[in-house]
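In what follows, a structure is listed as structure tokens, so that the remarks can point back to it.
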Amino acid sequence: MTSDIPDPSRATPEGASDWWRHAVIYQVYPRSFADATGDGVGDLRGITARLPSLAELGVDAVWLSPFYVSPQNDGGYDVADYCDVDPAFGTLDDFAALENVAHDLGLKVIVDLVPNHSSSEHVWFREALASAPGSPERARYLFRDGSGPDGELPPNNWQSVFGGPAWTRVTEPDGTPGQWYLHLFDSSQPDFDWRNPRVREQFRDILRFWLDRGVDGFRVDVAHGMIKVEGLPDYTPPANGGSMGGGAVGLEPDIESGADDPTPPFWAQEGVHEIYRDWRLVLDEYDERILVAEAWVDPPAKLARWVRPDEMHQAFNFAYLATPWSGPELRAVIDTSIAAFGGVDAPSTWVLSNHDVVRHASRLALTAENPQGHGIGPDSPGQPVRELGLARARAATALMLALPGSAYLYQGEELGLPEVIDLPDASRLDPTWFRTNGERYGRDGCRVPIPWEADAPAYGFNATGTSWLPQPDDWAPYARDSQAGVDGSTLELYRAALAARKAHDLGLGSVEWLDGFGEHVVAFRNRGLTVVANTGEDAVDLPAGTVALASGPLDSRSLPADTTVWLTS
Ligand code: GLC
């Protein structure tokens, strides 16, 4: 059977202006990538020194999670100054040096933009607190009077994505209990009022600040949340977990149940699109810059609205990330993704891991429900078996990198890193952990500094051996230098897959489904390559062809469970 899925790419391989349509983009989480100063927190100079290893890996671009001035209550997604680097990470000069080295290596640089909220330490918020209710300073955020007799109850019933109420009451400058402000995330992350033209103007300036410094694009945080329904009406999420009660980042609507839930009054409002159209005009003043939406919106047909021709260029495909290791479900999400994004002439994207989800080397072997953002700890049900998780992760990555469009990798997945499940409670820093009183472990387990050298202090993360989250004792085999040049290692699998993807221009290809392998197998042709992924328990016969890539050992002409193979004919 040949699918009639439109080819998602209109670019020629040489088409530099469309680099993002087929790019593999590697996410760096600066706190945990490489630490040049040795204080236990990664930094820009550390990243710069390690960039050659990313060029060697074969990725096209790096996306840096926030490195801006921040009290770090939410790993830097609480920005106190959008136009400067936090001293913990370095300086603007360090950023310029990073960018120069990246560009010299042929790597694009995408930075994170956090427009839904600032840090409560941002000067705008401080000014708001120091000003009277109704003042222009307060109008940059969502301050409201409380309900109840003396305003002692929150203005509505919204809950924070991280747990607890989405409102905090302030003490007015005269010392009396005062208004409340909205924070969809932590109380240190007040939401902006995006209906206010001054907020819009300030963000245009922030875009230009970084565009003028040569960044190749922005990953836009919470790109489905900036506009709230007028009047901020109460909202109770559906019993199935829905968008506010369930996932920490609030997938909307519940992606797993597929239920057609009502749209919450703070997610996916039509008004956000006007903002992106405006930003697109700014980006189009520059060459080849892109906007990437972090929008937890389902189904892909709805998410595709974020990447209409005059809006953003890409959106993370979280429907794909949330798909279990299941043949029928993978085929379905691949079809719907390519059709939805292709329908608006955007490339599909693919992603399996990031700094907000359980690493896919563990997630794909979980045997119990684990809503996104909850994380896993020592007493979580359905603990993953490490070997099974790694086999599935390698197979899932080999499948993902064979798909047309653009793919995202998260630092450490090329080493096969598992989630760290047994972090000491005292080391946890995710606001989710605190706001749920430890009921949800949160996301620290995927943020542990990554291992570079098996025998070095902190596995080569730095020279001093300190690390803001403790690294497990058994990570030496995962270290980059344990895997480099070793046949069959996860690092070499990624390198080989990225090289073959490029050689065959798979990112610019299309999916032509192949039948006859049984329901647990995902099989297709892309640009003359045959890709077969076995999600089932039994081995299947391999079709004819020469093996170009295998995610695990093959048993002569059969493809074992949890293995993906690429064949040339
Ligand atoms: C996004 C980020 C996440 C952060 C949240 C609030 O979902 O990826 O890490 O906590 O937004 O900014």
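Heads up: numbering here begins at 1 and tracks the sequence. Note that these values count all heavy atoms, side chains included, but never hydrogens, waters or copies made by symmetry. Every number for a ligand or one of its atoms is a count from 1 in the order of the listing.
Residue Arg447 touches ligand 1 through its side chain alone, judged by heavy-atom distances below 4.0 Å. Counting heavy atoms under 4.0 Å from ligand 1, residue Arg219 touches it through the side chain alone. Contacts with ligand 1 closer than 4.0 Å are made by side-chain heavy atoms of Phe162 only, the backbone lying farther away.
Residue contacts with ligand 1: Glu294 is placed with a nitrogen or oxygen under 3.5 Å of a nitrogen or oxygen of the ligand (distance criterion only).
Of the candidates Asp221, Asp186, Thr432, the one placing a heavy atom closest to atom 11 (O) of ligand 1 is Asp221.
No hydrogens or angles considered: a donor-acceptor pair under 3.5 Å links the side chains of Thr397 and His360. Judged purely by distance below 3.5 Å, without hydrogens or angles, the side chains of Arg138 and Gln179 pair a donor atom with an acceptor atom. No hydrogens or angles considered: nothing links the side chains of Asp60 and Trp20 as a donor-acceptor pair under 3.5 Å. For the residue pair Ser70 / Asp78, a side-chain donor-acceptor distance below 3.5 Å is found, with atom types taken as modelled. Side-chain polar atoms of Thr490 and Arg394 form a donor-acceptor pair below 3.5 angstrom. A side-chain donor from one of Tyr26 and Glu414 sits under 3.5 Å from a side-chain acceptor of the other.
Close contacts of ligand 1 with His117, meaning ligand atoms under 4.0 Å from a residue heavy atom, involve 6 (C), 12 (O). Of all atoms in ligand 1, numbered sequentially from 1 with element shown, those under 4.0 Å from a heavy atom of Arg443 are 3 (C), 4 (C), 9 (O), 10 (O).
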